[in-house]
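Structure record follows, encoded as structure tokens.
Keep in mind the model is a prediction, meaning the values are calculated, not measured. The chains referred to below are lettered A, B, ... by the order of the sequence lines, with proteins before strands, and numbering in each begins at 1.
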There are 4 protein chains.
Amino acid sequence: MPKVTQRYRDERRAAILAGALECFVSKGFQATTIDDIVKHLGISKGGLYGYFSSKEDMYIQMANKRMDEMVASLGAKFKDLPHAADRISYLFGRIKAQPLQELRKWMSFHMEFMLYASRHPELIELHNRYMDKAITLIGELIQDGIQSGEFREELDSTSASYLFWSVRDGLAFHFLLDGQDDRYAAMVDDMEDMVLRYLLKNPEALPKE
Amino acid sequence: MPKVTQRYRDERRAAILAGALECFVSKGFQATTIDDIVKHLGISKGGLYGYFSSKEDMYIQMANKRMDEMVASLGAKFKDLPHAADRISYLFGRIKAQPLQELRKWMSFHMEFMLYASRHPELIELHNRYMDKAITLIGELIQDGIQSGEFREELDSTSASYLFWSVRDGLAFHFLLDGQDDRYAAMVDDMEDMVLRYLLKNPEALPKE
Amino acid sequence: MPKVTQRYRDERRAAILAGALECFVSKGFQATTIDDIVKHLGISKGGLYGYFSSKEDMYIQMANKRMDEMVASLGAKFKDLPHAADRISYLFGRIKAQPLQELRKWMSFHMEFMLYASRHPELIELHNRYMDKAITLIGELIQDGIQSGEFREELDSTSASYLFWSVRDGLAFHFLLDGQDDRYAAMVDDMEDMVLRYLLKNPEALPKE
Amino acid sequence: MPKVTQRYRDERRAAILAGALECFVSKGFQATTIDDIVKHLGISKGGLYGYFSSKEDMYIQMANKRMDEMVASLGAKFKDLPHAADRISYLFGRIKAQPLQELRKWMSFHMEFMLYASRHPELIELHNRYMDKAITLIGELIQDGIQSGEFREELDSTSASYLFWSVRDGLAFHFLLDGQDDRYAAMVDDMEDMVLRYLLKNPEALPKE
DNA sequence: CATGAATGAGGCTTCATTCAT
DNA sequence: AATGAATGAAGCCTCATTCAT
């Protein structure tokens, strides 16, 4: 017997999700307790359970949302950048611009979710569905680059896209723990250099740094 | 059965570690309980604590051991491979040869350790100590390659080494959840290609696949 | 049954404290387990921890309460007794009136608390704060007695107050184990005699018993 | 089939007891673990259990021994002091001379044993047997003082002896936790003053401090 | 709907004691 | 006799979830 509008419920659910996300991101999923979340939001436990059936449920809805947003945001940006190489550079610029503290928090959220998903088969599919979107996004970018003659013809766009994400995640992964924050920007540059050497038809044209 | 030899203790400790690893690897560190471990090993809880001071201690000793072994094994192998490029190829061959199921287990262990460490500052140092060894190992390899004229002179060996590990972990990371196991070998080949293009002075010499 | 009044919580806390006290008093603090307490009260472990953060916390709140009550009760009574010597006599009367079985329980609780506190520095301050109240209470009584000419002028009121409490506790201490209950009343009388001889300006006026 | 002499066993037992006493005194009975004791002594757990049937057994034998020694030591000293008042002063001097840190340790050992005994009826008798010795020792002292005319004739020597011990223990008891170590000597003096005023026939002769 | 007190299974760790060597 | 590894019953505390108000 719902006595509130659907819209009210949706907004409330989104607000709870946002607050919980902050908790998960800063303390980790397992380490965050329901008490942490309700305290952070200033709501009651019962209230929370009115919107989510379990802690895990919150987690899944949250991961869903976050992945949607990431893909949407990149897709939108690419419309403004006609050249494939510029898009790649934009991606690395975006990576470089992210404060390391933020990156670490998101990285750990990301990792913990993958870990969690790896033990919950029903989540693997969910994850892969989103991964596909990300692969496709970059895959199309590379395909464009090949067609425009910027990138090497031998490239398999899907593989290369996969490689791109791996490289990006691998770097973030290492900086999760590494304290050498001052090297981060240079590492991203080197990584961009490596990726472009792999993609470009004429890597000799790259600046020698 | 006291007054045992040091060797007995060492073996026992290793056996416990091995059993615990199986548990950690199949359920995850946080999800594995002490009860799980002792039941799996058929020993008593008190017995376990005679060898390890805490669950975390087991984790640390395990990570220590694994990293030691990895560095030692690679170091030994490199003695038989004079050329830097061959060593790189050997590394990728090794990566490719690893059964994905195994890789996933190790990866999840590795990830969970990093995640866990990222919330426990005292562990970061431990991790970095081992990471340094790994970075140095590959860094020297690259340095050798530069001196022998195989690799580009502009390379910073440390950065490049860092990049290598990031790339490797990034790939493993993605295959943690991805079900496209049949693409794994090809992906490793592409990754090798990318890395060699970045390192080699004359990447044109690379086979076009 | 949430959203209860503050009064409900206060009463519940008091009830738990009372039940726990019964356990502590009959088995001792360290020997009493949380299970003992919750079984005795018929509540759940989690419920208990909703009111107290630890077993030690229960102990502290209990000691706080008891000391508060004692000081308040004495303070109130003293208003009715203008003469310092009468107040001293009232104190001893109160001591004498206490059933030995009760005294023993309280004494063991008191002793175990001090023992426990002596190994936990953060508790010493708590204890001293309350001890100060007790010392001040009797110290003022003695000061009054000096000013009214009842007590000797050379007395240091604080020292004398300290002495009073020591003497009282020392006696209780001995009767903790001693089985000679029939001598208790006479011992308290002797003790009163001793204390008054020490305090009074004209102890010759004391009845020879 | 004992293969060692009885004397060897006795000495070893005494040595273990001495080491265990140090542990009990510095950490308390309950807080001291068998591991603490064997580590402190450099012996094995099995070795310890060859001499004592349990931790409690050690405790009892130890308390026995300590009480014997205390009574014996006072008895011996009194032979050198003919005057009753001097003996009392000697007692207080001894109390005053004891470093507070030492006193605290012994006091907590003493208290913990009493507490422990109060829950173990078979130990109460043991304790009382020793208490009797202590009461008798001081009781005779007071009796001597009465007969020599130093002390008041109305005194009941047993009660007064009891009072003496109560007073001494009460003071030690309070200093167990109190941090005002600088007041200790003065407090002992005041206590001596109080006790002598109670005992002496002519307390006016006491120095006014 | 919202509240938050209550539940209780389950986690980690300790430690007196035993017993094979 | 001496050793110390092994045992396992407790102990304290946490926390996702429920449900009466």
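No donor-acceptor contact under 3.5 Å links the side chain of Lys45(C) to the base of dT7(E).
Backbone-only engagement by Ile34(C) is indicated by non-hydrogen atom pairs under 4.0 Å involving sugar-phosphate atoms exclusively. Base engagement by Gly47(D) is indicated by at least one non-hydrogen atom pair under 4.0 Å involving a base atom. When heavy atoms are screened at a 4.0 angstrom cut-off, Gly50(B) is found touching no nucleic acid atom at all. Within the 4.0 angstrom heavy-atom criterion, no nucleotide atom of any strand lies near Ser53(D).
Where Asp35(D) and Thr32(B) meet DNA chain E, the nucleotide closest to each residue was compared, and Thr32(B) sits on the side nearer the 5' end. In this structure, Gly46(B) and Glu56(C) both approach DNA chain F, and ranking their closest nucleotides by distance from the 5' end singles out Gly46(B).
Taking atom CD1 of Ile43(A) as the reference point, atom C1' of dT3(E) lies 11 Å away to the nearest angstrom. As rounded to whole Å, 10 Å separates atom P of dC15(E) from atom NZ of Lys39(D). For the pair Phe52(A) CZ and dT18(F) P, the computed distance is 16 Å after rounding to whole Å. If you take CD of Gln30(C) and P of dT14(E), they are 17 Å apart, rounded to a whole angstrom. The CG atom of Asp36(C) sits 11 Å away from the C1' atom of dG11(F) (whole-angstrom rounding). For the pair Ile37(A) CD1 and dC15(F) P, the interatomic distance rounds to 12 Å; values are reported in whole Å. Remark: P of dG11(E) and OH of Tyr49(B) are 12 Å apart, rounded to the nearest angstrom. Rounded to a whole Å, the CG atom of Asp57(B) is 13 Å from the C1' atom of dT13(E).
Distances shown here put a side-chain N or O of Tyr51(A) below 4.0 Å from the OP1 or OP2 atom of dA2(E). Taking side-chain N and O atoms only, Arg12(A) has no distance below 4.0 Å to OP1 or OP2 of dC1(E). Residue Ser44(A) has no polar side-chain atom (N or O) positioned under 4.0 Å from OP1 or OP2 of dA2(E). Neither OP1 nor OP2 of dT3(E) sits under 4.0 Å from any side-chain N or O of Tyr8(C). For dA5(E), one of the phosphate oxygens OP1 or OP2 lies less than 4.0 angstrom from a side-chain nitrogen or oxygen of Arg9(C).
dT21(E) is paired with dA2(F) under the Watson-Crick or G-U wobble criterion, all donor-acceptor distances under 3.5 Å. When both pairing distances are held under 3.5 Å, dG8(E) makes a Watson-Crick or G-U pair with dC15(F).
Between the side chains of Thr33(A) and Asp36(A), at least one donor N or O sits under 3.5 Å from an acceptor N or O.
Between the Lys65(D) side chain and the Leu17(D) main chain, no donor and acceptor come within less than 3.5 Å of each other. Between the side chain of Lys55(C) and the main chain of Thr32(C), a donor-acceptor pair closer than 3.5 Å is present.
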Given the rule in the side-chain hydrogen bond (donor to acceptor under 3.5 Å, both in side chains) test, do Gln61(C) and Tyr51(C) qualify, once you have shown the distances and angles that lead to the verdict? CA-CA 11 Å; Gln61(C) 294 200 28; Tyr51(C) 289 92; over 6 Å; no

Take Tyr116(B) and Gln30(B) through the side-chain hydrogen bond (donor to acceptor under 3.5 Å, both in side chains) test and state the conclusion after the steps. CA-CA 9 Å; Tyr116(B) 186 81; Gln30(B) 313 208 49; over 6 Å; no

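The environment of Lys105(B) atom NZ is sparse: at most 12 non-hydrogen atoms of other residues, nucleotides or ligands sit within 6.0 angstrom.
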